[in-house]
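Provided herewith is a single structure, encoded as structure tokens, for subsequent inquiry.
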There are 2 protein chains.
Amino acid sequence: MALRHAVLAALLDEELSGYQVTKAFAAGVANFWHALPQQVYAELARLEKEGLVAGREVVQVARPNKRLFRVTGEGLAELESFASAAAKPSFLREDLLVQVQAADHLDTDVLIDRLTERYAFAEAKAALFEEQLRAMRGERGEAEFLLHGARVGPYLTCRRGRDFERANRDWCRDAVEVLRARREARADS
Amino acid sequence: MALRHAVLAALLDEELSGYQVTKAFAAGVANFWHALPQQVYAELARLEKEGLVAGREVVQVARPNKRLFRVTGEGLAELESFASAAAKPSFLREDLLVQVQAADHLDTDVLIDRLTERYAFAEAKAALFEEQLRAMRGERGEAEFLLHGARVGPYLTCRRGRDFERANRDWCRDAVEVLRARREARADS
DNA sequence: CACGCATACTCATGAAAGTGACTAGTCACT
DNA sequence: AGTGACTAGTCACTTTCATGAGTATGCGTG
């Protein structure tokens, strides 16, 4: 039941349409959570029914009308109580880790392919996060922004996302190196 | 459908009982995947029915009998085909990230409590992984082990787990620092 | 000698998350 | 005039995950 809180958190700083929220949670852009459009719309409907968000219809001319949502007082209270409860730590859960766990029994070439793909993905995503961070802090230096910037929450989560992908990238690089070195060592013997 | 492959990967290096597999996947010990006992047992049953693992009854004297499982040739083939398909990258999905995303609208003290808890947890888990790594490489230095050790797959995934928790720890520390500094800056003004 | 804890599992149920398909209009490009 | 991409969503379905409880035995500690 954390998606509801993730949606609430996303709506805190600005009024967004369901569509915009789905964009924010779409693969590749979400820095602190990920969800599919269907989940987001369903959650928004539930949140509205429970009075945690309020939606208002916005009529548009050259495109479908949309509904903008904002968090209500009750919604904020819900977030407060969510934050006051202990957060359950999550675990790494990646297909690639499973594949590498079995590395000693699988074809090295195939694994190196997977790791190289993931490396590129991680690199791209880290760069994307880095750009978002630059945009958030604007002209200011990071230290200055962290002290006096308006909203640091999104900045901090984005930084975590960036560092996560950097760590993924470095791990992929090292793993490839290890697998290659072992293959050569085997070939020599 | 990755749990099945995670279970297969766990059974590759040694014959294990369902109970032992559940222990390996239990919270806090799993380095590359996490699952509850019920899921593991259910998955093992399915895998056996499909012939990907083979179980054998082991009669014990002072404790309940157990069934040891090993991966069959078909199981290994399944893993191969799993590895040959592109792995879908995962996302960070942590309650704490959601809470920090909303940091600017929530009580700072509460958040610092959460971050401090997570810091301690991450530190403990990183230490645990570090110990496992030491045990795996034994007397050898890391470079030596990575080149000539028998099984590097589990070592590499464990290292990813350790680095992940270290990153969590560092992020928590930095976030607390930022929140404290901002509170003081607010108090001064 | 009662209590909790470890081994070794099973069953039932519900909540959450993920997948695929589908509507419907606008815009730009070919 | 057709294609695909973007906006803005909805419906139906399945898989996965999580929870709590229950069974049975033995072992050590206070």
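Computation of the quantities below employed the complete heavy-atom set of this structure, encompassing side-chain atoms and omitting hydrogens, waters and symmetry-equivalent molecules. Reminder, nothing fancy here: chain letters follow the sequence lines and each chain counts from 1.
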- Item | Whichever of A:R46 and B:K88 has its nearest DNA chain C nucleotide further upstream toward 5' | A:R46
- How long is the line joining CH2 of B:W33 and P of D:dA18, in whole Å? 11 Å
- Query: Does A:A124 have any side chain to side chain contact (heavy atoms under 4.5 Å, CB included) partners at least two apart in sequence or in another chain, and if so, which?
  - Reply: none
- Message: The criterion is salt bridge (Lys or Arg N to Asp or Glu O under 4.0 Å); which residues satisfy it with A:R140, sequence neighbours excluded?
- Response: none
Could you run down the sub-3.5 Å N/O contacts of the protein with nucleotides 4-8 of chain D?
{"residue": "D:dT7", "atom": "OP2", "partner": "A:Y19", "partner atom": "OH", "Å": "2.9"}
{"residue": "D:dA8", "atom": "OP1", "partner": "A:Q60", "partner atom": "OE1", "Å": "3.3"}
{"residue": "D:dA8", "atom": "OP1", "partner": "A:Q60", "partner atom": "NE2", "Å": "2.6"}

- Note on the structure: Between CG of B:L68 and P of C:dA8 the distance, given in whole Å, is 9 Å
- Quick one: which residue pairs count as a salt bridge (Lys or Arg N to Asp or Glu O under 4.0 Å) with a foot in residues 48-65 of chain B, not counting sequence neighbours? B:R4-B:E50, B:E15-B:R56, B:E48-B:R67, B:E57-B:R67
- Item | Test salt bridge (charged side-chain N to carboxylate O under 4.0 Å, His left out) applied to B:R114 and B:E117, step by step | CA-CA 5 Å; B:R114 292 298 139 266; B:E117 286 165 12; 2.6 Å; yes
- Side-chain contact test, heavy atoms from C-beta onward, threshold under 4.5 Å: evaluate it for A:T108 versus A:R180 and give yes or no.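 Contact flag for A:T108/A:R180 side chains = no.
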- Looking at D:dT19, does its base get a donor-acceptor pair with the side chain of B:Q38 below 3.5 Å?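 Side chain to base: pair found, below 3.5 Å.
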- Summary of ring pair (Phe, Tyr, Trp, His ring centres under 6.0 Å) pairs that have at least one residue in residues 40-78 of chain A, sequence neighbours excluded: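 Listed once each, the pairs would be none.
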- Item | Neighbours of DNA chain C within residues 93-100 of chain A, by heavy-atom distance under 4.0 Å |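 Nucleic-acid contacts, sorted: none.
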- Between atom CZ in A:F25 and atom C1' in C:dG18, what is the gap in whole Å?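 After rounding, the reported distance stands at 16 Å.
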Tabulate below the donor-acceptor pairs under 3.5 Å that side-chain atoms of residues 6-13 of chain B make, not counting sequence neighbours, or state none.
{"residue": "B:D13", "atom": "OD1", "partner": "A:H105", "partner atom": "NE2", "Å": "2.8"}

- Atom NE2 of A:H34 and atom C1' of C:dT19 are separated, to the nearest Å, by 12 Å
- Message: Using the side chain to side chain contact (heavy atoms under 4.5 Å, CB included) criterion, which residues pair with B:D104? Sequence neighbours excluded.
- Response: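 Once residues adjacent in sequence are excluded, the partners of B:D104 under the side chain to side chain contact (heavy atoms under 4.5 Å, CB included) criterion are A:R151, A:V152, A:P154, B:R182.
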- Restricting to pairs with a member in residues 82-103 of chain B, which pass salt bridge (Lys or Arg N to Asp or Glu O under 4.0 Å), not counting sequence neighbours?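 Only B:E94-B:R118 qualify under salt bridge (Lys or Arg N to Asp or Glu O under 4.0 Å).
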- Message: If I take atom NE2 in residue A:H5 and atom C1' in nucleotide C:dA15, what distance separates them, rounded to the nearest angstrom?
- Response: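 Between C1' of C:dA15 and NE2 of A:H5: 14 Å.
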- Please determine if a side-chain N or O atom of B:Q39 lies less than 4.0 Å away from the OP1 or OP2 oxygen of D:dC17.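 For B:Q39, the contact criterion (side-chain N or O under 4.0 Å from OP1 or OP2 of D:dC17) is met.
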- Atom CZ of A:R4 to atom P of C:dA17: distance rounded to whole Å? 11 Å
- Message: Counting only Watson-Crick pairs (N1-N3 plus N6-O4 or O6-N4) and G-U wobbles (N1-O2, O6-N3), all under 3.5 Å, who is the partner of C:dT30?
- Response: D:dA1
